[in-house]
Protein chains: 2
Amino acid sequence: MPTPRRSGEGPAPARGKRADALRNQQTLLTAAAAVFVTSGVDAPIREIAARAGVGMGTIYRHFPTRADLVVAVYRHQVEECAAAGPRLLDGADSPFAALRQWVDLFVDFLVTKHGLANALQSDGSGFEALHTYFLDRLVPTCAQLLDAAVDAGEIRPGTHAYELMRGIGNLCIGRDGDPRYDPRRLVELLLIGLRRPQPS
Amino acid sequence: MPTPRRSGEGPAPARGKRADALRNQQTLLTAAAAVFVTSGVDAPIREIAARAGVGMGTIYRHFPTRADLVVAVYRHQVEECAAAGPRLLDGADSPFAALRQWVDLFVDFLVTKHGLANALQSDGSGFEALHTYFLDRLVPTCAQLLDAAVDAGEIRPGTHAYELMRGIGNLCIGRDGDPRYDPRRLVELLLIGLRRPQPS
DNA sequence: TGACAAAACGGAACACTGCTCCGTATATTA
DNA sequence: TAATATACGGAGCAGTGTTCCGTTTTGTCA
């Protein structure tokens with residue numbers, strides 16, 4: 001019955017993989033999540049492997065680049081964030097309010113992940129894919145909210161979702177816990193800057 | 001005559017240093033500047049040493065941390081930027097215009113230095129001093145411009161220069177040359193966000 | 001069940017980088 | 001010129017990313 005037939009190629013077969021491989025993949029995700037919390041997303045690979053009780057080879061086999069691992073760990077939350085856009089658009093008082101709420105969501109996500117915002121913009125070796133995944137996944141949602149706010153006349157047109165997302169991500173970079181620097185305040189400033197001068 | 005007496009301690013004696021030491025220090029600055037352009041401010045120390053034709057020990061003796069070297073290379077430009085504040089305040093049409101011009105100056109400086117903005121916020125080992133120097137040097141100037149604009153009623157009070165500077169610095173982080181991301185546009189948005197809703 | 005092939009594992013080993021340490025070379029002074 | 005303080009050079013250690021291959025485990029089939 002568990003015929004491992006795989007007609008096409010597709011992104012996520014997960015069929016035909018050996019039981020130990022599946023087990024280890026899960027173990028690695030759990031270990032990585034834990035290590036990310038304590039040591040940040042750029043923790044030594046060895047540390048994650050040790051935590052999971054596997055060898056270095058295993059980690060690289062499952063997650064060829066660091067970005068693959070980070071994406072896997074945070075995939076759920078990113079997808080959730082992407083999905084929240086339309087919902088907020090429906091529920092909020094105005095498109096701009098929805099945009100603001102959504103941005104808050106995104107910022108909350110970033111600031112609670114030690115070093116993630118940094119990694120997102122890092123020009124380091126294994127992080128491009130991370131950058132790409134986040135942007136690919138979230139820019140469309142952001143664009144939808146942005147467009148709605150433009151259509152409603154609440155904000156000036158001309159700003160691209162890609163640029164805004166990167167800007168917000170950038171503002172979230174920093175040693176966490178500095179009371180003199182709160183990304184939220186600056187992000188708020190950025191959003192205010194988007195507004196139409198006069199409500200027409 | 002060149003009595004090497006040094007009464008106190010002070011920051012910059014530079015007296016009594018051997019001729020070769022002085023020469024090497026200069027050579028290192030030149031080499032570092034060149035390497036920073038091609039390989040970024042986080043180029044391998046070995047590369048800089050090789051370029052200068054000196055050993056590793058020499059570089060560490062003159063510049064104990066990476067930040068010391070980076071600061072030394074860019075000191076002139078940073079001081080210049082700090083000094084430009086008052087001048088702009090005098091010459092511009094309004095304090096806000098002066099602030100904008102000054103920010104432009106700062107952004108221009110950052111975006112033309114490969115990886116400098118990154119390093120400024122890096123939580124890496126040898127970069128804290130860099131962060132500190134830039135902020136110590138530029139925050140007062142920024143605060144002066146900010147206060148003037150507040151006093152003139154052009155912008156809302158409540159924003160701190162430190163936070164603004166860090167935000168601007170953060171926005172300048174990124175792989176340079178991405179046509180879809182222009183720090184200047186976002187910085188402009190930030191400045192617009194600072195303005196008073198109604199010119200009172 | 002037992003044997004065999006494919007899949008997966010583990011970790012030694014290599015490369016690269018930051019940084020230190022100390023024997024050697026050079027400048028300065030008397 | 002001799003003596004001494006300074007400065008130099010680079011080998012060497014430590015931490016990390018990444019690869020490679022001999023060994024082990026799993027799944028299959030007779």
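To find a chain, count down the sequence lines: A is the first, B the second, and so on, and within it residues start at 1. Just so you know, these numbers come straight off a predicted model, no measurement behind them.
Pairs of residues two or more places apart, or lying in two chains, that qualify as ring-ring contact (aromatic ring centres under 6.0 Å, His included) and include a residue from residues 60-85 of chain B are Tyr74(B)-Phe109(B).
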B/S/- along nucleotides 6-14 of chain C (protein heavy atoms under 4.0 Å) is BBSBBB-B-
Please write out the pairs of protein N or O atoms and N or O atoms of nucleotides 2-4 of chain D separated by less than 3.5 Å, giving the distance to one decimal.
none

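Geometric assessment of Arg75(B) against the ring of Tyr133(B) yields a positive cation-pi assignment under the 6.0 Å and 45° thresholds.
Residues forming a side-chain contact (heavy atoms from CB on, under 4.5 Å) with Ile168(A) (at least two apart in sequence, or on another chain): Val103(A), Phe106(A), Val107(A), Leu164(A), Val187(A), Leu190(A). Listed by chain and number, the residues in a salt bridge (charged side-chain N to carboxylate O under 4.0 Å, His left out) with Arg51(A) amount to none (sequence neighbours excluded). Residues meeting the side-chain contact (heavy atoms from CB on, under 4.5 Å) test with Ala149(B), sequence neighbours left out: Pro95(B), Glu154(B), Ile155(B). Looking at residues two or more places apart in sequence or on another chain, you find a salt bridge (charged side-chain N to carboxylate O under 4.0 Å, His left out) between Glu79(A) and Arg137(A). Partners of Arg18(A) by salt bridge (charged side-chain N to carboxylate O under 4.0 Å, His left out), not counting sequence neighbours, listed by chain and number: Asp20(A). Not counting sequence neighbours, the partners of Arg184(B) by the salt bridge (charged side-chain N to carboxylate O under 4.0 Å, His left out) test are Asp108(B), Asp182(B).
In terms of position on DNA chain C, the residue among Thr65(B) and Arg23(B) whose nearest nucleotide sits closer to the 5' end is Thr65(B).
When the C1' atom of dT17(C) is taken as reference, atom CD1 of Ile48(B) falls 12 Å away, rounded to whole Å. Rounded to a whole Å, the CZ atom of Phe63(A) is 17 Å from the C1' atom of dT18(D). Look at CD1 on Ile59(B): it is 16 Å from P on dA7(D), rounded to the nearest Å. Whole-Å rounding puts the Glu47(A) CD to dG17(D) C1' distance at 14 Å. Rounded to whole angstrom, the span from the OH atom of Tyr60(B) across to the C1' atom of dT20(C) amounts to 9 Å.
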